[in-house]
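Some notes on the structure that comes next.
Just so we're on the same page: letters track the sequence lines, and every chain starts at 1.
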Amino acid sequence: MKRISIKILAIVLITFFLWSCTERIQVEVDSSFTRLVVEGSVTTDTTSHWIRLSTSSDYFLNQKAPAVKNATITIDDGEKVHTLAESDTMPGHYSTSSDYFGIPGKIYTLRIRDLDIDGDGVMEEYTASSELRPVNPVDSIKIRPFDAFGNFGYEIQVYAWDSPERDWYAFKAIRNGKLLTDTLTELWVQNDEFFNGNYTYGITSQFLSLDKPDEVLEVGDTVTFEINGITEDYYNYVIEAQSQIYPQTPLFGGPPANIRTNFDNNAIGFFVAYSLDRSSAIATADIVFPPR
Amino acid sequence: MRPLPYIFTFLLSFVILQFAFPIEETGLRYTISGHVKDESTGEELIGAAVIADELGKGTVSNVYGFYSLSLQPGLYNITFSYIGYEDLTRAVNLNQDLVINIELSENILELAEVTISAEGPRAHIKKPEMGVSKLQIKSIRRIPTLMGEVDVIKAIQLLPGVQASSEGASGFSVRGGNPDQNLILLDEATVYNASHLMGFFSVFNNDAVKDVKLYKGDIPAEYGGRLSSLLDVRMKDGNMKKFSGSGGIGTISSRLTLEGPIIKDRTSFLIAGRRTYADIFLPFAKDEDVRNSSLYFYDLNAKVNHIFNEKNRLFVSVYMGRDVFENVFARMAFGNQTYTLRWNHLFSGRLFSNFTLLHSRYDYELGTPEGEANSFLWNSGMKDYGAKADLNYFITPEHTLKFGLISTFHDFQPGSAKGLGEQSLFTEFKMPSNYALENGVYVSAESEVGERWNFKYGIRYSSFHNVGPATVYNYDENYLPLDSTVYSSGEFFNYFGGLEPRLAMSFMLNEKSSLKASYSRTRQYIHLAQNSTAGTPLDIWFPSSPNVNPQVSDQASVGYFRTFWGDRLEASVETYYKAMSNSIDFRDHAQLLMNQYMEGELRIGESNSYGLELLLRKNSGKLSGWISYTLSKTERIVPEINNGNPYAAPYDKPHDFAIVLNYEINKRIWVSGNWVYSTGLPVTFPTGRFEYMGNIAPVYSNRNAYRMPDYHRLDLSVSLSAKDKPGRKWGWDLNLSVYNAYARKNAWTINFVQDETNPSVTHAEMTYLFSAIPALTFNFHF
C-alpha cells in the first residue's frame with residue numbers, strides 16, 4: 001500500500017507538473033572500479049536455468065556490458081552440486097541441464113570460480129545463496145481494459161489466497177508464451193504486509209500498455225499471469241533497483257544509494273531462487289480495444 | 001517530571017534580576033505606558049520607537065504594540081516614531097504614572113515609498129540582536145512573485161543565509177539547517193507544514209499578515225524547540241476604526257479580506273480567505289479524466305479581538321487551510337489548522353503579560369475510490385495543545401526583563417490505513433501513536449550599560465517527556481528490532497532536558513557602527529522524517545524517544561554593523577559557526593512511511609556549518625532594496641553513511657547571492673526586480689553502471705560528491721495603481737510579474753536514462769520546472 005500510495009501521489013502530481021520539461025545535458029562523472037555482475041535464478045520449473053556474468057563499467061560506456069567468460073559455476077542445493085555449462089552462442093551465459101528444477105524449502109548456493117575480475121593475477125571466488133520459498137496457487141485471473149488520462153491498456157486482476165505466512169511476490173505477464181515483463185522495471189513485486197492471509201478479490205497485479213507494441217492484445221490471445229514466491233531479500237533488491245532506475249525527483253525517495261546484492265567479494269547483482277504458479281485467460285472480443 | 005531544573009532556572013532568574021536591576025538606578029520613578037497604533041486602522045504598531053528626547057533614551061513597542069517607559073520625575077518631550085509614519089511628540093509632566101495611547105498617522109509624503117525595516121537604521125546598529133530580519137508586508141508585496149502570489153516565505157528566501165529547499169519551494173534552509181529546524185509560528189501557534197501545492201505557495205495569505213520576523217542567529221529565550229530559526233508571523237488584528245476590505249484577483253487564486261470594528265475602538269474582526277482555481281481550467285481539458293479531476297487549496301484566517309479595558313485585551317485567531325487533489329484514481333488532501341486564544345493583561349504600567357492557549361494540527365489523507373480490491377484510505381496527523389505565559393517587565397529604559405513558560409502536549413498519529421468496502425483486500429493497519437509533553441521556562445534581560453554596551457542575555461530550560469500509551473521498539477546494533485516495551489496510558493517514561501543559554505551583545509564603535517557577538521544553544525525534540533530535499537505533504541513528524549536523542553545546536557556569531565550616507569544605507573557583515581549534534585539522517589533506501597520500525601531507519605551523526613553573510617540595504621527613497629551574499633559550508637558526519645566520511649549536507653550551497661530592488665517611477669507606478677544566483681545543491685551521481693534484466697542500474701561512489709548546475713534567475717514586476725483622489729475611499733492596483741524572466745533552465749532534478757532505441761546507451765537528462773512565467777494580479781481595497 002505504501003508503494004501504491006506513492007505511485008498514486010505521483011500520478012496526482014503529474015497533473016500539476018504538466019509544464020515541467022526535460023532536456024539532455026552533459027555531465028562529467030568519475031570512473032569506478034570494475035565489479036563482477038551476476039544475474040540468474042533457480043525456479044521450480046523443469047528447464048535450463050541461466051546465469052549471466054558480466055562486469056560493471058564506467059557510466060557512459062554506451063556499449064553492452066562486457067561478458068565474463070571461462071568461469072566455473074556450480075549450484076549447490078545442500079545435497080547435490082550441479083555444474084553449469086558455458087554457452088557457445090551467448091557470451092557470458094551459463095546454463096544448467098534442461099531437466100533441472102528447484103524444490104521449495106531448499107537453500108540454493110551459487111558458486112563462481114576461476115575468475116580474476118580485479119586483475120591482480122589471483123583467482124577469486126564469489127558466492128550467493130537464496131532460499132526457495134513456496135507460493136500459493138492462483139485461482140483465476142481476469143483481463144480488464146482501462147482508459148485513464150489518455151493511457152490505454154489492460155489490467156490483470158488476480159484471484160488467490162495469500163498464505164498466513166509473511167510473503168513476498170513477483171508478478172509477471174506472458175502473452176502467447178512470450179514474457180512481456182522482461183525487464184527489471186516491468187517486474188511487479190509486492191509484499192503482503194497490509195493483506196496477510198486475505199483473499200485477493202481480483203486485485204490488479206500487472207498492467208499491459210497499448211503504447212508497447214508487444215502488449216497490444218488481439219482477440220484469442222492467451223494472457224498468462226505468473227506469480228513467483230520470492231525472498232524478502234530479493235524483494236528489497238528489486239525495490240531498491242527500481243527506485244534507482246526510475247527517474248527521481250526532489251519530492252520522493254532519499255538520496256541515491258547503491259543497490260543491495262547477495263554476493264560477496266564486491267560482486268553485484270542477485271541470485272534468486274523462487275517457486276512459481278501460472279494462470280491464463282483468453283482475450284475476448286468484448287474487452288479487446290479495436291486496432292488503432 | 002523533574003522539578004530541579006525548573007527551580008534552578010527560577011533561581012537563576014533572580015541572579016539575572018540582580019544584574020538587570022542595579023540598586024543605584026532604582027529610586028523614584030514614574031511610568032509612562034500605553035499602546036502605539038496606526039491612526040487609520042487602529043492596528044498596533046510593532047517595534048515603534050518611544051524616546052524621551054531629554055535623555056536620548058527610550059524603548060520600543062512590543063509585539064502587542066505596548067510600550068512602557070519608567071523615568072525619574074520631571075518634564076519630558078516624548079517622541080513616538082515608526083518608519084513610514086509621522087513622528088509625534090508629547091510634552092509630559094511626569095509626576096505620576098501615566099497612560100498615553102498614541103495613534104500615528106502614515107507619512108503622506110513617503111506613503112508610496114517602501115520601507116523595509118520598521119525600526120530606524122540606528123536601532124539596527126544598537127540592538128544586541130544578530131541574524132534577525134524584519135520584513136514589512138508592504139515591502140514583501142513589492143517583490144516579484146511566482147504566478148502572482150505574494151509570499152512571505154519567498155521573500156525571506158532572498159535574505160542572506162536563507163535558501164529555498166528546492167526550486168519554487170516554500171521549505172527553506174537557514175544557515176545550512178534542514179527545513180524542519182525552522183519554528184514557524186502564526187500568531188504563536190506552530191505551523192507544521194507551511195506549504196501549499198507541493199510547496200510552490202506558502203500558507204500565509206499576505207492580506208492577513210501584519211508583521212514577519214525571522215531569527216536565524218540568536219533565537220530569543222522565549223522560543224525554543226527548533227535548531228535553526230524562528231519565523232514569527234503575526235496576523236493583523238482587524239481595523240478598529242472603520243469597516244474595510246481588500247482583495248485581489250490573480251492568475252491562479254483570488255483573495256478577499258474583510259475587517260472592521262464590531263464596537264469602535266474596542267472590538268474588531270478580520271476574516272481573510274483565499275482559494276486557488278487551477279482546476280477551473282481542467283474542464284477545458286480534452287481528456288475526460290483530467291476534466292473530472294480537482295486540484296485546489298484554500299486558506300481561511302479569522303481573528304477577533306476585544307479590549308475590555310486599559311488592562312485587559314483578548315485575541316482569538318484561527319487559521320485553516322487545505323489542499324485537495326482528486327482524480328478518478330485517487331484523492332489526497334492535507335492541511336494545517338491553528339487556533340490561538342490570547343489574553344493581554346497589564347499587572348501595572350511596567351509589567352505586561354500575555355497568556356496564550358494554543359492548538360495546532362496537521363493532517364493528511366490519501367485514498368482510492370471505494371468498490372475495488374485495492375480501495376483504501378490512509379491518514380496521518382499530529383496535534384499540539386499548548387499553554388504559555390509571557391511577561392515583560394520594563395524596569396528602566398535601560399533594563400527590561402522577560403520571563404515565562406510554555407507547555408505543549410504533542411499527539412502524533414503516524415498513520416493508519418484500511419481497506420474501503422467489502423471487496424477490499426486490505427486489512428486495517430494502524431501505526432502506534434506517540435504522545436509527548438514539551439516544556440520550556442525562560443528568563444531573559446536586555447540591558448544598556450553605559451553609552452556603548454548593550455546586552456541581551458537569557459536562559460531557557462527545556463524538557464521533553466514521552467508519555468504513554470506507547471510501544472517502543474528496542475533495536476540491536478544493526479538497527480534490527482529485537483523486542484518492544486509497552487508503556488501504559490499516562491505513564492511518563494522517558495525524559496530529556498537541558499539549559500539553553502542565549503547571549504548577545506553589541507558595542508557601539510561610534511554613532512554609526514557597532515560590533516556584535518552572540519552565542520546560543522538550541523534543542524530540538526521533534527523531527528520531520530523527510531528524506532528528500534523538497535519533501536512531500538506525506539512526511540511525518542516524530543518525537544525524540546529512548547531511541548532518538550534530541551538535536552542540539554551551539555551557534556556563535558560575530559558581526560559588524562554600520563550605516564552610510566546619512567543613514568540611507570545600512571550594511572552588515574556577520575560570520576557564524578554552528579555545531580550540531582544528534583543530526584538526523586537515514587539509512588540508504590529508508591522506509592519512512594507506515595513503518596513501525598521507522599526509528600531503526602535513522603542514522604545519527606554530527607553537522608557543522610560556518611559562513612559569512614554580507615548585507616547592504618537601502619530602506620527608503622525612490623530606490624530601495626538590498627544586496628546579499630553568503631559564503632558558507634555545511635558538512636555532516638554519520639558513521640554509517642558515506643563510509644563515515646564527511647559529506648556535504650543536503651542544503652549546502654557555498655555561494656548564494658541575491659539582489660532585490662524596487663524603484664518608484666512616480667506615485668502610481670513602481671517597478672521591481674530581483675536576481676538570485678547560487679551554487680547548485682550537492683547531489684550523488686553514478687560513477688559506474690551494470691546491466692540486470694534489461695535495465696541499466698547505477699553504481700555510486702560518494703554521497704553528495706557532485707553538484708547540480710548553478711542556479712540563477714531574474715524576476716521582474718511592474719505595478720500601476722489608481723490615481724489618488726482626495727476623499728476617495730477605494731483604490732486599486734494592477735501588478736504584472738514575470739518569474740524567471742530570461743527563462744533560465746534551472747535543473748530541478750538530473751536523471752540518468754536509457755536511450756529508447758539503443759538500450760546500451762545512457763544519457764543524463766535534466767528536468768526544469770519553470771520557463772518564464774508571467775502573471776497578472778488585480779488588487780483592490782476599500
**Study point:** Any donor-acceptor N/O pair, Thr687(B) side chain to Asp30(A) backbone, under 3.5 Å
**Key:** no
Review point. For Asn751(B), is it the side chain, the backbone, both, or neither that has a heavy atom closer than 4.5 Å to a heavy atom of chain A?
Key: side chain
Check your understanding: Do any of residues 701-709 of chain B have a heavy atom less than 4.5 Å from a heavy atom of chain A, and if so, which, in residue order?
Key -> Arg703(B), Tyr706(B)
Point to revise | Pairs touching residues 752-773 of chain B that satisfy salt bridge (Lys or Arg N to Asp or Glu O under 4.0 Å), sequence neighbours left out | key: Arg24(A)-Asp755(B)
Review point. Any donor-acceptor pair under 3.5 Å linking the side chain of Tyr692(B) with the backbone of Phe270(A)?
Key: yes
Check your understanding: Checking Asn695(B) side chain against Ile245(A) main chain: does a donor-acceptor pair fall under 3.5 Å?
Key -> no
Review point. So what's closer than 4.5 Å to chain B heavy atoms on Ala241(A): side chain, backbone, both or neither?
Key: neither
Check your understanding: Any donor and acceptor pair, going by atom type alone, linking the side chain of Thr183(A) with main-chain N or O of Met693(B) inside 3.5 Å?
Key -> no
Practice item. Please work out whether the ring planes of Phe194(A) and Phe429(B) are parallel, tilted or perpendicular, with thresholds of 30° and 60°. Key: perpendicular
Point to revise | Donor-acceptor under 3.5 Å (Asn258(A) side chain, Tyr700(B) main chain) | key: yes
**Study point:** Engaged part of Ile750(B) at the chain A interface, taking heavy atoms whose separation is under 4.5 Å
**Key:** side chain
Review point. Would you find a donor on one side and an acceptor on the other, under 3.5 Å apart, between the side chain of Ser532(B) and the backbone of Pro255(A)?
Key: no
Check your understanding: When rounded to the nearest 0.5 angstrom, what distance separates CD in Glu193(A) from OG1 in Thr427(B)?
Key -> 10.5 Å
**Study point:** Main-chain N/O of Ser243(A) paired to His589(B) side chain as donor or acceptor, under 3.5 Å
**Key:** no
**Study point:** Leading residue by heavy atom contact count with chain A [cutoff under 4.5 Å; candidates Gly694(B), Ala697(B), Gly535(B)]
**Key:** Gly535(B)
Check your understanding: Between Pro650(B), Ala534(B), Pro759(B), Ser166(B), which shows the greatest number of heavy-atom pairs under 4.5 Å with chain A?
Key -> Ala534(B)
